[in-house]
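Worksheet: one structure, shown below.
For the numbers below, each heavy atom of this structure counts, side chains included, while hydrogens, waters and symmetry mates do not. In what follows, chains carry the letters A, B, and so on, assigned in the order in which the sequence lines appear, proteins first and then strands, with residues in each chain numbered from 1.
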Protein chains: 2
Amino acid sequence: MNTRQEVLDFVKNGHTRFLPHLSIDCVIFGYHAHQLKILLIRHHGHEKWSLPGGYIARDETLTQAAHRILAEKTQITDLFLQQFYVFGDSVVRMSRIETQQTHNTTFAKVGVTLGDNHWLSERTLSIGYYALVDYLDVVVTPEFLVDGFCWLEIKEIPPLEYDHNEIIAKALATLRSQIYQQPIGYSLLPEKFTLPEIHALYETILGKQFDRRNFRKKLLTLGLIRQLDEQKRIGPHRSPFLYEFDLENYRKALEEGSVLAF
Amino acid sequence: MNTRQEVLDFVKNGHTRFLPHLSIDCVIFGYHAHQLKILLIRHHGHEKWSLPGGYIARDETLTQAAHRILAEKTQITDLFLQQFYVFGDSVVRMSRIETQQTHNTTFAKVGVTLGDNHWLSERTLSIGYYALVDYLDVVVTPEFLVDGFCWLEIKEIPPLEYDHNEIIAKALATLRSQIYQQPIGYSLLPEKFTLPEIHALYETILGKQFDRRNFRKKLLTLGLIRQLDEQKRIGPHRSPFLYEFDLENYRKALEEGSVLAF
DNA sequence: ACAAAAGTGTTCCAGTTACACCCATGA
DNA sequence: TCATGGGTGTAACTGGAACACTTTTGT
């Protein structure tokens with residue numbers, strides 16, 4: 001929704017294209033050089049930041065919806081995207097009045113006030129998805145009703161709209177618990193990457209340090225990565241070897257080990 | 001919904017009490033004496049079995065809805081109940097025609113045919129919850145539109161309605177992956193239980209055998225259970241010691257270990 | 001005394017942790 | 001030649017797996 005006209009049409013006719021009562025909220029983790037940040041946006045007229053999100057079209061699958069919403073915000077397709085929980089308990093989510101007021105603040109920009117029975121005024125459950133991107137690669141394209149965006153480090157995140165702090169906490173816990181089972185970083189690192197690169201990534205995501213030698217052993221033993229016969233030139237230092245993800249091995253593990261069905 | 005009148009009211013006015021487009025499906029694992037079964041129901045006029053489920057009332061939280069639905073089916077409150085995934089991709093879920101026909105078969109019993117725009121005809125995403133009960137303790141109370149129910153062992157489960165086979169597969173995978181982190185069995189075993197009892201439970205759920213000694217060591221090391229100073233009389237055999245779950249320890253682990261936020 | 005079920009301890013192996021020195025590169 | 005960063009191996013430890021005989025109890 002990049003024009004006033006599109007927004008007006010969305011408010012008026014959105015319920016014919018999208019499912020009411022349901023939204024998708026995306027926790028987009030942006031990594032770069034030892035920093036792990038989260039993409040937040042600020043809607044028109046709001047003080048608090050919130051997670052980017054969207055609605056599910058009636059004619060697309062849930063997975064398609066998540067990918068579309070992410071692509072709309074970040075211009076990135078084909079990335080690692082993972083459903084992790086449905087949020088439907090928070091008090092602020094239960095209150096129609098609060099939902100309505102929040103939306104009305106935003107839509108004031110286009111001179112619209114939602115009625116009590118408007119589809120956007122109603123209680124909405126949110127399905128949480130998380131993604132992992134290199135935030136330098138991302139071109140964030142704020143929509144018409146979005147005043148701004150920012151990448152904030154996890155520790156710096158202030159109180160957000162709705163229950164979005166809770167959503168982020170759960171996303172982070174899920175990301176951390178899945179990092180050794182999923183080829184996390186596949187969409188984040190170049191196809192061929194060095195050990196120090198993936199090492200820094202894991203240290204940042206898990207928030208702790210790992211011994212270089214043990215870390216290499218672990219990833220090789222798990223079969224998550226494969227060492228190549230090439231090296232990278234990195235200036236006035238020793239050339240590190242290149243590695244690549246072993247996706248076949250990962251898929252095999254996923255099929256066998258019924259542990260992870262996600 | 002136990003009377004014709006209630007069903008008619010549900011069809012006519014359900015959309016004012018419940019959220020459309022969303023349902024909850026419950027995978028109720030029933031355990032007893034080395035058998036792990038799943039509760040299935042058959043709606044009026046249907047050949048295939050399906051999972052028991054329900055809708056989310058507008059004025060209850062998601063968690064409340066899941067507990068209420070389960071209590072309606074099994075008369076059990078306060079049990080272990082866990083959200084595990086949202087299903088919104090399956091082709092059969094995307095098709096309005098199929099949804100409508102399935103419902104119409106059921107509601108034929110009360111002489112109702114749903115129109116194309118009826119709230120029950122629309123696409124519905126389903127939030128999966130699983131629970132674990134002793135199936136001998138459960139009084140299943142089929143609702144008016146339910147012709148019958150059964151407990152089936154996992155290996156015996158035939159093709160079900162909708163994507164319910166997929167839901168069961170994911171539920172089982174989740175149950176198995178969480179069994180050492182959650183006090184699974186708390187609502188299933190008596191407050192004080194013997195080691196052979198919990199041992200049999202774990203063997204059945206995980207579908208494999210464990211050495212008695214190692215199994216005891218593991219559960220004690222994890223702090224999941226605590227040995228008591230009492231024994232149980234079990235007839236013409238040696239009296240086994242009693243154990244109890246160490247819930248405090250479990251809660252502590254849950255708070256510290258950010259691994260499990262579920 | 002016997003049948004049935006539960007209790008118990010040790011060894012071995014594998015996987016994880018801890019740890020420090022040498023090498024390659026470009027300026 | 002020097003500064004920087006990357007590469008590499010071994011020893012100690014810990015957690016998990018394998019394994020069989022003894023004890024209790026009631027009939």
Integer-rounded Å distance: C:dG15 P and A:Leu222 CG: 11 Å

To the nearest Å, give me how far apart CZ (B:Phe215) and P (C:dG7) are. 12 Å

Note: for A:Gln227 and A:Pro236 on DNA chain D, the residue whose nearest nucleotide lies more 5' is A:Pro236

Distance, rounded to the nearest Å, where B:Lys232 contributes NZ and C:dA6 contributes C1': 13 Å

Counting neighbours of CD on A:Glu191 that are heavy atoms of other residues, nucleotides or ligands and sit closer than 6.0 Å, is the number greater than 12? no

Looking at D:dT25, I'd like to know if its phosphate oxygens (OP1 or OP2) sit under 4.0 Å from a side-chain N or O belonging to B:Ser239. yes

Is the Lys NZ or Arg CZ of B:Arg226 less than 6.0 Å from the centre of B:Tyr243's six-membered ring, within 45° of the axis? no

When you measure from the side chain of B:Asp147 to the backbone N and O of B:Arg42, does any donor-acceptor pair fall under 3.5 Å? no

Is a donor-acceptor pair below 3.5 Å formed from side chain B:Arg238 to base D:dT23, judging by atom type as modelled? yes

Rounded to whole Å, the NZ-C1' distance (B:Lys217 to C:dC12) equals 12 Å

Quiz question: going by heavy-atom distance under 3.5 Å, is there a donor-acceptor pair between the base of C:dT25 and the side chain of A:His237? no

Nucleotide D:dT8, atom C1' - distance to CG of A:Leu220 in whole Å: 13 Å

I want to confirm an ordering. Mapping A:Lys218 and A:Gly235 to their closest nucleotides on DNA chain C, which one lands closer to the 5' end? A:Lys218

Measure the distance from CG on A:Asp211 to P on D:dG9 and round it to the nearest whole Å. 14 Å

Please report the distance, rounded to the nearest Å, between CG in B:Leu242 and P in C:dA6. 12 Å

Go nucleotide by nucleotide along DNA chain C from the 5' end; which of A:Thr221 and B:Arg216 gets its closest nucleotide reached first? B:Arg216

Look at all strands and tell whether B:Arg212 reaches a base, only sugar-phosphate, or nothing, counting heavy atoms closer than 4.0 Å. base

Closest approach to the side chain of B:Asn214, judged atom by atom: which nucleotide of C:dG9, D:dG5, D:dG7 is it? C:dG9

Test B:Ile76 against every option in B:Leu81, B:Leu70, B:Val133 by the side-chain contact (heavy atoms from CB on, under 4.5 Å) rule and name the one that passes. B:Val133

Any carboxylate oxygen within less than 4.0 angstrom of a Lys/Arg side-chain nitrogen, looking at B:Lys232 and B:Glu197? yes

Taking atom P of C:dA6 as reference, at what distance in whole Å does atom CZ of B:Arg233 sit? 15 Å

Determine whether a donor-acceptor pair (one donor, one acceptor, N or O, separation below 3.5 Å) exists between the side chain of A:Arg213 and the base of D:dG9. yes

